[in-house]
Amino acid sequence: KKFLPRGSYTAMEVNVNKRPDICGAAEMLPFRDNSFDTVLCTEVLEHVPEPLMVLMECFRVMKPGGVIYITVPMTWYLHYEPHDYYRFTKHGISYLCNKAGFNILSVEKIGGFALFLCLRLSEFLHKILYRYLLLPLKVLGGNNLAIRKKAATLLLTPYQMLALVVVFLFDRLGPLDA
């Protein structure tokens with residue numbers, strides 16, 4: 001909420017455990033037409049079977065002249081399985097947004113090839129750490145996988161700091177990768 005303009009703010013999530021204001025599905029938004037000035041849809045569309053339906057719902061609940069901010073992955077590992085359906089190019093997301101009725105103001109890439117490599121290496125190192133190298137921690141907490149995963153994340157902090165520098169320096173070199 002601290003990053004959004006003042007005014008009312010409504011959080012919706014399909015997972016009730018995340019304690020949203022409203023729990024519901026993005027394919028059938030529980031709001032009246034023209035309800036919102038701004039819609040934020042971040043890392044959602046790859047997790048729904050019909051992303052166009054979600055975009056049409058977002059268009060329906062936005063006031064005329066409203067703005068939607070969308071983020072989608074182009075490259076990412078499988079996650080939240082089995083509900084991980086799509087990866088989007090800038091052309092694919094533009095096509096869907098136009099089809100839903102939106103006028104596109106801009107499509108911008110975030111990250112590039114260096115970010116992709118650093119993230120994949122981080123995922124690999126994390127799994128090696130918690131699955132094998134931190135296995136002795138089982139003695140402390142039984143078979144507590146969560147403790148080993150947190151310890152692996154903490155141990156990877158120096159790598160993450162170096163990766164940020166690499167991404168900052170090299171992602172600008174590959175304008176086509178996102």
[X] side chain near [Y] side chain, heavy-atom distance below 4.5 Å:
X      : Y      : answer
Met53  : Val48  : no
Phe59  : Cys97  : no
Lys127 : Tyr132 : no
Leu119 : Trp76  : yes
Lys90  : Glu108 : no
Arg148 : Arg131 : no
Pro73  : Glu43  : yes
Pro51  : Tyr85  : no

### Task
Using the side chain to side chain contact (heavy atoms under 4.5 Å, CB included) rule, take Leu55 and Ile70 through it: C-alpha gap first, then chi angles, then the decisive distance, then the call.
CA-CA 10 Å; Leu55 288 170; Ile70 302 168; 3.6 Å; yes
Look up atom [atom1] in [X] and atom [atom2] in [Y], then write down how far apart they are to the nearest 0.5 Å.
X      : Y      : atom1 : atom2 : value
Met12  : Lys18  : CE    : NZ    : 13.0 Å
Cys118 : Tyr159 : SG    : OH    : 4.0 Å
Ser122 : Gln160 : OG    : CD    : 3.5 Å
Thr71  : Leu45  : OG1   : CG    : 8.5 Å
Tyr80  : Asp84  : OH    : CG    : 10.5 Å
Leu129 : Phe124 : CG    : CZ    : 10.0 Å

### Query
side-chain contact (heavy atoms from CB on, under 4.5 Å) with Glu46: which of His79, His83, Met74?
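Single pass found, and it is His79.
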### Query
Which of these passes side-chain contact (heavy atoms from CB on, under 4.5 Å) with Ile68: Leu105, Val39, Leu40?
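Answer to the side-chain contact (heavy atoms from CB on, under 4.5 Å) test with Ile68 among Leu105, Val39, Leu40: Val39.
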### Task
Take Phe102 and Cys58, measure what side chain to side chain contact (heavy atoms under 4.5 Å, CB included) needs, and give me the verdict at the end.
CA-CA 10 Å; Phe102 292 105; Cys58 290; 4.2 Å; yes
In one Ile/Leu/Val/Met/Phe/Trp/Tyr side-chain cluster, 4.5 Å: [X], [Y]:
X      : Y      : result
Val61  : Leu96  : yes
Ile128 : Leu121 : yes
Leu169 : Val166 : yes
Ile22  : Met62  : yes

### Query
So Tyr86 and Phe88, would you call those rings parallel, tilted or perpendicular, with 30° and 60° as cut-offs?
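Geometry flag for Phe88 against Tyr86: tilted rings.
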Between [X] (side chain) and [Y] (backbone), is there a donor-acceptor pair under 3.5 Å?
X      : Y      : result
Lys150 : Ala152 : no
Asn98  : Ser94  : yes
Arg87  : Val72  : no
Asp37  : Gly66  : no
Thr153 : Lys149 : yes
Asp171 : Gly112 : yes

Minimum heavy-atom separation for [X] and [Y], please, with both atom names.
X      : Y      : value
Leu155 : Leu134 : CD1-CD2, 4.0 Å
Ile110 : Leu115 : O-CD2, 4.4 Å
Leu29  : Glu57  : N-OE1, 2.8 Å
Ala11  : Pro20  : O-CB, 3.6 Å
Asn34  : Lys63  : O-CG, 3.3 Å

### Pair Tyr95 + His91: ring centers closer than 6.0 Å
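When the ring centroids of Tyr95 and His91 are compared, they turn out to be at least 6.0 Å apart.
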### Query
Heavy-atom count around Met56 CE within 6.0 Å, excluding the residue itself: above 12?
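No, the 6.0 Å shell around CE holds no more than 12 heavy atoms from other groups.
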